[in-house]
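Since the structure comes first, as structure tokens, the remarks are kept for the end.
Below, chain A is the first sequence line, B the second, and so on; all start at residue 1.
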Amino acid sequence: MDFYRRMELVCREIPYGKAVSYGQIALLCGKPKNARQVGYALSHRLVGDHIPARRIVNSAGKLSGAKSFETPDRQRELLEAEGVEVDEEERVDLRLFGWYHTLEVAEELRRRFEAEGI
DNA sequence: TAGGTGACGCGGT
DNA sequence: CACCGCGCCACCT
């Protein structure tokens, strides 16, 4: 299975104005223990730049990858531009802006991976 | 092959 | 709350 190709499809499902953790992405990709790999893929640009990397934060809501953007505050600016509040600690409240995917979304993605042999 | 490094996460304190 | 220790795993020396 191609984890990075899966990541691309999963990331496209993250809604505008929402944020999600590395762990959630890994889970949807079928490898719940690979949260670190999600960060690795993003920092090394292994999944293309057309995915909403700005919406991926750690489980505490912190913008842990901000330093990898054009400028250190770029991620915060992009998120705020779509209505996501970021506090002075570079953190978003996932209870308010977190993306809680449905079982339907998870199954739909699984079917797609299966169908496309990913 | 062995050891080090993280855009990580969880549980304990 | 915060901080810390530890498990985790793909990659890179």
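- Every stem involving DNA chain C, taken as at least 3 paired positions in a row under the Watson-Crick or G-U wobble test at 3.5 Å, is listed here: B:2-6 with C:9-13, B:8-13 with C:2-7.
- Looking at Glu77(A) and Arg74(A), a side-chain N of the basic residue comes within less than 4.0 Å of a carboxylate O on the acidic one, giving a salt bridge.
- Every side chain to side chain contact (heavy atoms under 4.5 Å, CB included) that Tyr40(A) has, sequence neighbours left out, goes to Tyr4(A), His44(A), Leu46(A).
- Among residues at least two apart or in separate chains, salt bridge (Lys or Arg N to Asp or Glu O under 4.0 Å) pairs with a member in residues 90-103 of chain A are Arg76(A)-Glu90(A), Asp87(A)-Arg91(A), Asp93(A)-Arg95(A).
- In this structure Ala35(A) satisfies the side chain to side chain contact (heavy atoms under 4.5 Å, CB included) test together with Tyr22(A), sequence neighbours excluded.
- Considering only residues two or more places apart in sequence or on other chains, Glu107(A) meets the side chain to side chain donor-acceptor pair (under 3.5 Å) condition with Arg110(A).
- Within the nucleic acid shown, Phe69(A) comes within 4.0 Å of at least one base atom, counting heavy atoms only.
- Remark: Glu108(A) pairs with Arg112(A) by the side chain to side chain donor-acceptor pair (under 3.5 Å) rule, at least two apart or across chains.
- Sequence neighbours left out, not one pair with a member in residues 14-41 of chain A passes salt bridge (Lys or Arg N to Asp or Glu O under 4.0 Å).
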Enumerate the protein-to-nucleotides 9-13 of chain B contacts in which both atoms are nitrogen or oxygen and the separation is below 3.5 Å.
residue	atom	partner	partner atom	Å
dG9(B)	OP1	Tyr22(A)	N	3.3
dG9(B)	OP1	Gly23(A)	N	2.6
dG9(B)	OP2	Ser59(A)	N	2.7

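- Checked against side chain to side chain donor-acceptor pair (under 3.5 Å), Arg6(A) has no partners two or more places apart in sequence or in another chain.
- Near DNA chain B, meaning a heavy atom under 4.0 Å away, the residues from residues 38-50 of chain A are Gly39(A), Leu42(A), Ser43(A).
- Between Asn58(A) and Ser21(A) the shortest heavy-atom distance is C-CB, 4.1 Å.
- Residues Cys29(A) and Val10(A) share a closest heavy-atom pair of SG-CG2, 3.8 Å.
- Of the residues Val57(A), Leu78(A), Val92(A), the one that meets the side chain to side chain contact (heavy atoms under 4.5 Å, CB included) test with Val84(A) is Val92(A).
- Contact footprint of chain A on DNA chain C: nucleotides with an atom under 4.0 Å from a non-hydrogen protein atom, first to last in 5' to 3' order, dA2(C) to dC12(C).
- A heavy atom lying under 4.0 Å from DNA chain B marks none of the residues of residues 72-90 of chain A.
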